[in-house]
J.: 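What follows is a structure written as structure tokens; I'll ask about it next.
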There are 2 protein chains.
Amino acid sequence: MSHLQTIISNFAQSDGASVVTTRADTVFVDLRQRIVEGQVPMGSKISEPELARHYDISRSTLRDALSRLEGCGLLERKANVGYRVVTLSTAKLIDIFRVRESLEGMACHLAAQCMSTEQISELKALLQEHERSESLQQGEAYFQQEGDLDFHFKIVQGSNNSLLIRLLCEELYFLVRMYRYQFGMASPRAKKAFGEHRNIIQAIEDKDGELAEILMRRHIAASRLNVEKRMNTQ
Amino acid sequence: MSHLQTIISNFAQSDGASVVTTRADTVFVDLRQRIVEGQVPMGSKISEPELARHYDISRSTLRDALSRLEGCGLLERKANVGYRVVTLSTAKLIDIFRVRESLEGMACHLAAQCMSTEQISELKALLQEHERSESLQQGEAYFQQEGDLDFHFKIVQGSNNSLLIRLLCEELYFLVRMYRYQFGMASPRAKKAFGEHRNIIQAIEDKDGELAEILMRRHIAASRLNVEKRMNTQ
DNA sequence: ACGTTTCAAATTGTCGACAATTTACGGTGA
DNA sequence: TCACCGTAAATTGTCGACAATTTGAAACGT
């Protein structure tokens, strides 16, 4: 299974019972993807009549989809004015990193306590797969980055805390992916990140929740510091 | 200013630019309150036609409000079936505590770094006010509990991280209030909680982010352990 | 030329009706 | 009596139209 396939399958299953049935669902998923990838430019105004025509649906159906996208933080709404695609900024990115530090740290802590041996095996297999493909096509930072998100995704799933899972996998991670697509910061930390991932897995395997949490927090903080450093030099 | 007034004003200002303009806004705020207070019983099915009649609005307008309530985690939706009021459970409450531990811990950390001296003074004044009214009408656990949330509210506001503020003040805290109203667990920790609040403020005043975070996490963890203990004895 | 006002076009908010799906209930058969 | 099925009622999904508000530009005055 390729990285991209893994990602797609994981995000699909993250939607829970989202065997897409309704039209609004379809539009929600499609528009979400288009926003994440920047096909709908960030900061741009959403024209309901235009979008409704584009998808060949009514405004009611479209608005249903839009309200859900607002819940993901991808759209912002102002009464009597309408929706806009969220405008990313370095400051907001740092805010997101801080939230990820705390939430994923906790998720990692819980995952260490309750992941099954089978889940841990899957995690290790995922890491190995990433390392293998990294050695094959090194420098292909794009896949590595999405692969990184896949790794984090699996750990959150292992936390067994549905609120955490919802907040991270169904909301925040789409914003994160949006940043990666559009700020495209090819991380110079790819190599280091692998080692950090390995250590995190080890802590989880040892059922050492406290250590796992600390390692995960540092892992994410390192990315944040990277962004902060770049911000200051500009 | 009484506690209740403080609470209301804080939550009002938390809605940001929510100078209620649209009908859906009004219904959203009102229904949110009714759900939190249990006037709309938890787990109950939302009948769109019935609710629309009750508020004398169309289903479109109602659905706008409902979709926002879903974003707060107060309603759950299933395609082709409709909305239900969320069903609270001890397990979910513990999930919430874990998220609060991590998020509010981080908020407290950041607040220690960037709260202004004026903000800190306000925080101290709030604590004093709580202590005063506590000594006056001790045992009135209800006010203390809402007051406690008010305290946490102010710290989160001081974090200067709008994502944190949104996640906690505009989403999670309504769920927390719902639990307090409906599970009505009069905390036996009231007295202890005051001391913990005082120590947290001290750490913030000392700009000791790490300590402030640890203290806040322990403060919330203590409530969680309280619930877990009660759960096991039943 | 600049700021203000006015009015028209476009957009969002709201409504009621119809279509598609689910739910409830009564009937049929074993 | 119980399980299964089919039809009718109720509910949600979707649609197009109208009302309220915002936006943009033209007209006006200074």
J.: Pick one: which of A:Arg100, A:Arg177, A:Arg166 meets salt bridge (Lys or Arg N to Asp or Glu O under 4.0 Å) with A:Glu171?
T.: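 For A:Glu171, the salt bridge (Lys or Arg N to Asp or Glu O under 4.0 Å) check succeeds only for A:Arg166.
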J.: Between A:Asp25 (CG) and C:dA20 (C1'), how many Å, whole number?
T.: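 After rounding, the gap between these two atoms is 15 Å.
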J.: From C:dT12, D:dG16, D:dG13, pick the nucleotide closest to the side chain of A:Pro49?
T.: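 Output: C:dT12.
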J.: At under 4.0 Å between heavy atoms, what does B:Ile46 touch on the DNA or RNA strands: base, sugar-phosphate, or nothing?
T.: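 If one applies the 4.0 Å heavy-atom cut-off, B:Ile46 turns out to touch the sugar-phosphate alone, with no base involved.
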J.: Does NZ or CZ of B:Arg32 lie under 6.0 Å from the centre of the six-membered ring of B:Phe28, at an angle within 45° of the ring axis?
T.: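 Yes, B:Arg32 sits over the ring of B:Phe28.
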J.: Less than 4.0 angstrom from a charged side-chain N to a carboxylate O is my criterion; do B:Asp64 and B:Arg68 meet it?
T.: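 A salt bridge links B:Asp64 with B:Arg68.
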J.: Expressed in angstrom and rounded to an integer, what is the separation of A:Arg59 atom CZ from C:dT14 atom C1'?
T.: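 A:Arg59 atom CZ is separated from C:dT14 atom C1' by 9 Å.
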J.: Send over the distance from B:Glu50 CD to D:dT12 P, rounded to a whole Å.
T.: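 Interatomic distance, CD of B:Glu50 to P of D:dT12: 10 Å.
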J.: Starting at CG of A:Leu62 and ending at C1' of C:dT14, how long is that distance when rounded to a whole Å?
T.: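 So the CG-C1' distance, A:Leu62 to C:dT14, works out to 16 Å.
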J.: Would you mind telling me which residue lines up with the more 5' stretch of DNA chain C, B:Lys78 or B:Ser58, judged by nearest nucleotide?
T.: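 Going by which nucleotide is closer to the 5' end, it is B:Ser58.
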J.: Evaluate B:Glu76 against B:Arg84 for salt bridge (charged side-chain N to carboxylate O under 4.0 Å, His left out), listing each step before the verdict.
T.: CA-CA 5 Å; B:Glu76 291 169 343; B:Arg84 290 194 99 80; over 6 Å; no
J.: I need the CG-P distance between A:Asn80 and D:dT21, as an integer number of Å.
T.: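 Taking atom P of D:dT21 as the reference, CG of A:Asn80 is at 7 Å.
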J.: Using a cut-off of less than 4.0 Å, is there contact between a side-chain N or O of A:Thr22 and OP1 or OP2 of D:dT14?
T.: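 It does, given that an N or O in the side chain of A:Thr22 lies less than 4.0 Å from OP1 or OP2 of D:dT14.
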J.: Can a donor-acceptor pair under 3.5 Å be found between the side-chain atoms of A:Arg63 and the base atoms of C:dG13?
T.: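 It does not, because no donor-acceptor pair links the side chain of A:Arg63 to the base of C:dG13 below 3.5 Å.
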J.: Within the 3.5 Å criterion, strictly below it, is a donor on B:His130 or B:His197 matched to an acceptor on the partner's side chain?
T.: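 B:His130 vs B:His197: no donor-acceptor pair found between side chains.
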J.: What nucleic acid atoms does B:Thr61 come within less than 4.0 Å of, heavy atoms only: base, sugar-phosphate, or nothing?
T.: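 Counting heavy atoms under 4.0 Å across all strands, the contact made by B:Thr61 is with sugar-phosphate only.
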J.: Rounded to the nearest angstrom, tell me the gap between atom OH in A:Tyr55 and atom C1' in D:dC15.
T.: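 Value for this atom pair: 19 Å.
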J.: For a quick check of understanding: with a heavy-atom distance under 4.0 Å over all strands, which category does A:Arg23 fall into, base, sugar-phosphate or nothing?
T.: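 If one applies the 4.0 Å heavy-atom cut-off, A:Arg23 turns out to touch the sugar-phosphate alone, with no base involved.
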J.: At less than 4.0 Å, is any side-chain N or O atom of B:Lys45 found next to OP1 or OP2 of D:dT12? Yes or no.
T.: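 Result: yes.
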J.: Using heavy-atom distances to pick each residue's nearest nucleotide on DNA chain D, tell me which of A:Asp56 and B:Tyr83 is more 5'.
T.: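 That would be B:Tyr83.
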J.: Does B:Arg53 put a side-chain nitrogen or oxygen below 4.0 Å from OP1 or OP2 of C:dC15?
T.: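 It does not, given that no N or O in the side chain of B:Arg53 lies less than 4.0 Å from OP1 or OP2 of C:dC15.
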J.: Quick one: B:Asp64 CG to C:dC15 P, roughly how many Å, whole number?
T.: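 Interatomic distance, CG of B:Asp64 to P of C:dC15: 11 Å.
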J.: How do B:Glu48 and B:Ser60 order along DNA chain D: which one's closest nucleotide is nearer the 5' end?
T.: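 Residue closer to the 5' terminus by nearest nucleotide: B:Glu48.
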J.: Figure out the CD1/P separation between B:Ile57 and C:dG16, and round it to whole Å.
T.: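 Distance check: B:Ile57 CD1 to C:dG16 P gives 11 Å.
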